[in-house]
Amino acid sequence: MVFDGTRLHDDTLAVRAGFERSNFGEHAEPIMTTSSYVFASAAEAAARFSGENEGLIYSRFTNPTVQTFERRLAAMEDMPAAIGTASGMAATAMLMLGSLRQGERVVATRNMFGSTVNLFRNFLPRLGIEVDWVDGFDPERWADACQQGTRYLYLETPTNPLTEVADIAALADVAHANGAELVVDNCFCTPVLQKPGAFGADIVIHSATKYLDGQGRCVGGAIVGSEALIKELTAFMRSAGPCMSPFNAWVFTKGLETLGLRMQRHCDNAATLASWLSTRAGIKAVNYPGLASHPQHALAARQQRAPGGILSFTVEGGQAGAWNVIDHVNLCSITGNLGDSRTTITHPSTTTHGRMSAEDRAIAGIEDDLVRVAVGLEHIDDLIADLDQAISAARS
Ligand SMILES: *Cc1c(COP(=O)(O)O)cnc(C)c1O
């Protein structure tokens with residue numbers, strides 16, 4: 001969205017971009033709950049269905065409320081177009097099924113959201129789409145993994161739950177040198193903290209379920225990319241149907257309005273909690289890109305506007321020690337979700353990453369003594385007090 005020749009700031013796009021007011025002149029974005037649209041005549045219906053005339057046909061693939069969300073998210077990512085999906089996983093699955101062909105390949109790491117690993121491991125190969133797995137983010141290894149037919153390099157940064165940071169620009173170069181495209185799952189950072197497209201990524205995936213909603217209400221996702229890609233995927237959406245509901249799109253659109261403010265607080269709270277944890281007795285190590293001890297601290301500072309709202313830490317006593325801390329929290333919610341106004345605490349190896357094979361988990365470095373905290377919007381003193389008493393109780 002451009003005004004007098006300059007790109008508007010994110011804060012402005014977040015509250016203004018993408019909304020086209022109806023004839024009622026409403027100020028706020030309404031929810032358009034209709035499955036279909038009427039046509040002035042049979043000829044007009046035919047012209048719309050054939051694509052000769054533009055316009056709405058059916059909400060499986062075009063709905064004004066969903067379009068508002070799509071345009072606003074694309075504007076915030078500074079990329080041409082977006083398509084909303086039923087969930088974050090539907091976004092990844094739809095990108096793969098809607099744009100790849102048998103014999104094409106994907107390069108990825110195991111350090112990803114568990115369901116993404118399962119999709120790549122258990123389902124894509126059945127359809128003749130092979131995944132070449134790389135450990136870590138060394139661009140040379142990614143280049144070595146590229147071969148005839150490689151279409152996508154796929155990554156998350158920072159990773160869940162270890163917060164490893166990948167060099168997007170370096171891996172975009174590897175992708176392009178090999179005739180492939182870089183796909184980045186930007187769920188942890190959101191466009192407020194990181195715009196992968198600015199570093200050369202071609203496609204951005206979102207789980208809107210997380211920070212874009214921000215209050216743990218709805219499941220949804222999005223793919224952001226070129227006009228041509230989104231057109232291709234809209235055709236797939238029309239045939240396959242994993243669409244976002246208008247109500248969820250409205251929740252996410254309103255979520256985008258406050259995303260910048262919320263991310264600021266998530267990051268401030270997480271930074272304070274990470275430094276406190278790193279000196280707390282009973283904590284072995286803390287993973288958070290904002291800590292000077294983080295292996296990619298400098299890269300994160302270049303690539304992200306702030307280190308993010310998620311951290312993880314290891315405790316003494318293995319899985320029992322980790323479960324003990326989790327079982328003693330009073331305030332934090334024991335749940336697998338993240339990006340919520342309420343702080344959540346999770347044991348990744350037995351929940352979010354529990355369906356990965358033990359071998360994949362070991363290679364990804366997700367040990368049994370690891371605890372993940374997605375830091376919410378509560379007052380930081382209350383969060384520290386809660387974890388402090390939980391860690392003490394777990395150790396006694
Ligand atoms: C949750 C999550 C997903 C999947 O999103 P859903 O909306 O739950 O389907 C994908 N990637 C990351 C990094 C996630 O945290």
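All figures in this text were calculated on a predicted structure; none of them were measured in a lab.
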Heavy atoms from other residues, nucleotides or ligands near [atom1] of [X] exceed 12 (cutoff 6.0 Å):
X: K284; atom1: NZ; answer: yes
X: W323; atom1: CH2; answer: no
X: M112; atom1: CE; answer: yes
X: E26; atom1: CD; answer: yes

Under a 4.5 Å side-chain heavy-atom rule over Ile, Leu, Val, Met, Phe, Trp and Tyr, are [X] and [Y] clustered together?
X: L124; Y: M94; answer: yes
X: M79; Y: V66; answer: yes
X: M263; Y: L256; answer: yes
X: F313; Y: I334; answer: yes
X: Y152; Y: F236; answer: yes

List the steps and the verdict of side-chain contact (heavy atoms from CB on, under 4.5 Å) for I205 and I223.
CA-CA 5 Å; I205 296 282; I223 304 160; 4.0 Å; yes
Any luck finding a side-chain donor-acceptor pair between [X] and [Y] under 3.5 Å?
X: R280; Y: S392; answer: yes
X: T116; Y: Y154; answer: no
X: S349; Y: D368; answer: yes
X: Y37; Y: S59; answer: yes
X: R342; Y: N337; answer: no
X: T12; Y: R16; answer: no

Measure the shortest side-chain to side-chain distance between [X] and [Y] over non-hydrogen atoms and say whether it is less than 4.5 angstrom.
X: L171; Y: V184; answer: no
X: E257; Y: V15; answer: yes
X: F137; Y: T159; answer: yes
X: D10; Y: R305; answer: yes
X: T68; Y: E20; answer: no
X: L229; Y: L95; answer: yes
X: S207; Y: S87; answer: no
X: P161; Y: T352; answer: no

Can you check whether [Y]'s main-chain N or O pairs, donor with acceptor, with [X]'s side chain at less than 3.5 Å?
X: R110; Y: A362; value: no
X: T163; Y: L311; value: no
X: K231; Y: S226; value: no
X: S50; Y: E52; value: yes
X: D185; Y: C187; value: yes
X: H328; Y: N324; value: yes
X: D388; Y: I384; value: no
X: E77; Y: G197; value: no
X: T343; Y: C332; value: no
X: H297; Y: P289; value: yes

Can you give me the closest heavy-atom contact between [X] and [Y], atom names plus distance?
X: L193; Y: G308; answer: CD1-CA, 3.8 Å
X: F69; Y: G221; answer: CE2-O, 4.4 Å
X: Q303; Y: I168; answer: OE1-N, 2.9 Å
X: A45; Y: F39; answer: CB-CD1, 3.4 Å
X: I283; Y: V315; answer: CD1-CG1, 4.0 Å
X: G241; Y: R60; answer: CA-CD, 3.5 Å

Side chain to side chain donor-acceptor pair (under 3.5 Å) between H176 and D202, intermediate numbers included:
CA-CA 10 Å; H176 301 153; D202 304 280; 2.8 Å; yes
To the nearest 0.5 Å, what is the distance between [atom1] ([X]) and [atom2] ([Y])?
X: Y211; Y: L259; atom1: OH; atom2: CG; answer: 10.0 Å
X: K210; Y: L338; atom1: NZ; atom2: CG; answer: 4.5 Å
X: Q319; Y: H347; atom1: CD; atom2: NE2; answer: 4.5 Å
X: L127; Y: L100; atom1: CG; atom2: CG; answer: 10.0 Å
X: W276; Y: L383; atom1: CH2; atom2: CG; answer: 10.5 Å
X: I363; Y: T109; atom1: CD1; atom2: OG1; answer: 11.0 Å

If you apply the rule side-chain contact (heavy atoms from CB on, under 4.5 Å), what do you find for V373 with Y288, and how did you get there?
CA-CA 11 Å; V373 177; Y288 184 64; over 6 Å; no
Could you go step by step and tell me if R72 and E29 meet the salt bridge (Lys or Arg N to Asp or Glu O under 4.0 Å) rule?
CA-CA 12 Å; R72 187 166 296 181; E29 305 82 348; 2.8 Å; yes
Only pairs under 3.5 Å count here: list side-chain donor-acceptor contacts from residues 242-249, not counting sequence neighbours, and write none if there are none.
unit_1: S245; atom_1: OG; unit_2: N248; atom_2: N; d: 3.1
unit_1: N248; atom_1: ND2; unit_2: V219; atom_2: O; d: 3.1

Can you check side-chain contact (heavy atoms from CB on, under 4.5 Å) on V117 and H353, steps first, answer last?
CA-CA 9 Å; V117 174; H353 292 68; over 6 Å; no
R121 and W133: CA distance, side-chain angles, deciding distance, side-chain contact (heavy atoms from CB on, under 4.5 Å) verdict
CA-CA 10 Å; R121 255 220 186 296; W133 298 97; 3.5 Å; yes
